[in-house]
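Just so you know, residue 1 is the first one in the sequence shown, and it goes up from there.
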Amino acid sequence: MPGYQKKVPVPGKSAQEIYGFVDQHLEGLLAKFSVGKMSVRKDAASKTVIIESSIFSATLTCREAVVELDGKLSLMAVPFKSKIDEGIERFMSKFLKG
């Protein structure tokens, strides 16, 4: 599977604030997409979320003022990379708007 990496700046937000938002809202966001069976594991201590499905896998790490996404996309998902980028940015912009 091809690699996928993205960093989304979240200025002025702590790693804990970012993780709290992601923890509270991520599963609702993922439920909107039909991606088959999905596994979501959260680790509050490392402020990391690991998502695995048949079409992608990703580790989302919340750091001071940034969210880092490191993953792999299946060949089926690669054509939708720009849509994935837009979705991630839109999701995090909701957090910034409060």
Side-chain angles (χ1 to χ4, degrees):
M1 287 201 276
Y4 176 81
Q5 295 179 333
K6 180 151 186 79
K7 289 185 179 183
V8 180
V10 191
K13 300 296 183 179
S14 71
Q16 185 59 48
E17 289 174 303
I18 297 167
Y19 181 79
F21 175 80
V22 170
D23 182 41
Q24 185 176 9
H25 299 284
L26 183 64
E27 289 190 42
L29 174 69
L30 293 174
K32 294 178 183 179
F33 301 101
S34 177
V35 293
K37 187 175 180 179
M38 189 177 321
S39 165
V40 177
R41 293 183 312 227
K42 299 175 185 176
D43 182 353
S46 65
K47 296 172 187 59
T48 301
V49 178
I50 298 170
I51 306 163
E52 296 176 326
S53 79
S54 59
I55 64 168
F56 74 94
S57 63
T59 300
L60 187 148
T61 305
C62 302
R63 302 199 190 281
E64 298 301 310
V66 69
V67 173
E68 297 176 358
L69 188 69
D70 185 26
K72 301 222 181 272
L73 301 175
S74 74
L75 293 177
M76 282 179 36
V78 170
F80 300 101
K81 183 184 175 302
S82 64
K83 295 280 187 199
I84 294 167
D85 285 341
E86 290 171 15
I88 293 167
E89 301 231 357
R90 197 170 33 246
F91 176 69
M92 293 312 300
S93 72
K94 290 180 183 177
F95 175 53
L96 290 172
K97 291 178 183 175

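- Residues Asp70 and Thr61 fail the side-chain proximity criterion, which asks for heavy atoms closer than 4.5 Å.
- Placement of Met76 and Phe80 in two distinct hydrophobic clusters is found when ILVMFWY residues are connected by side-chain heavy-atom separations under 4.5 Å, directly or transitively.
- We find the CZ-CG distance between Phe56 and Leu69 to be 8.5 Å, quoted to the nearest 0.5 Å.
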Between Leu73 and Ile84, does a side-chain contact (heavy atoms from CB on, under 4.5 Å) hold up when you go through it step by step? CA-CA 10 Å; Leu73 301 175; Ile84 294 167; 3.9 Å; yes
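- Atom OG1 in Thr59 sits 8.0 Å away from atom CZ in Arg41 (nearest 0.5 Å).
- Partners of Ser14 according to the side-chain contact (heavy atoms from CB on, under 4.5 Å) rule, which considers only residues two or more places apart in sequence or in another chain, are Gln16, Glu17, Glu64.
- The shortest distance between side-chain heavy atoms of Ile51 and Leu26 falls below 4.5 Å.
- Atom-to-atom distance recorded for Met92:CE and Ile18:CD1 is 5.5 Å, nearest 0.5 angstrom.
- No side-chain donor-acceptor contact under 3.5 Å links Tyr19 and Asp43.
- The aromatic rings of Phe21 and Phe91 are tilted relative to each other, their planes meeting at an angle between 30° and 60°.
- In this structure, Val49 and Val40 have side chains that are in contact, with non-hydrogen atoms separated by less than 4.5 Å.
- Taking each heavy atom of Ile55 and Ala77 in turn, the nearest pair found is O-CB, 3.8 Å.
- Across every non-hydrogen atom of Ala65 and Gly12, the tightest pair is CB-N, 4.4 Å.
- In this structure, Asp23 CG and Lys42 NZ are separated by 4.0 Å, a value rounded to the nearest 0.5 Å.
- For Glu89, the side-chain contact (heavy atoms from CB on, under 4.5 Å) test picks out Lys6, with sequence neighbours left out.
- Here the side chain of Ser53 pairs no donor or acceptor atom with the backbone of Met38 at under 3.5 angstrom.
- If you take CD on Glu68 and OG1 on Thr48, they are separated by 9.5 Å, rounding to the nearest 0.5 Å.
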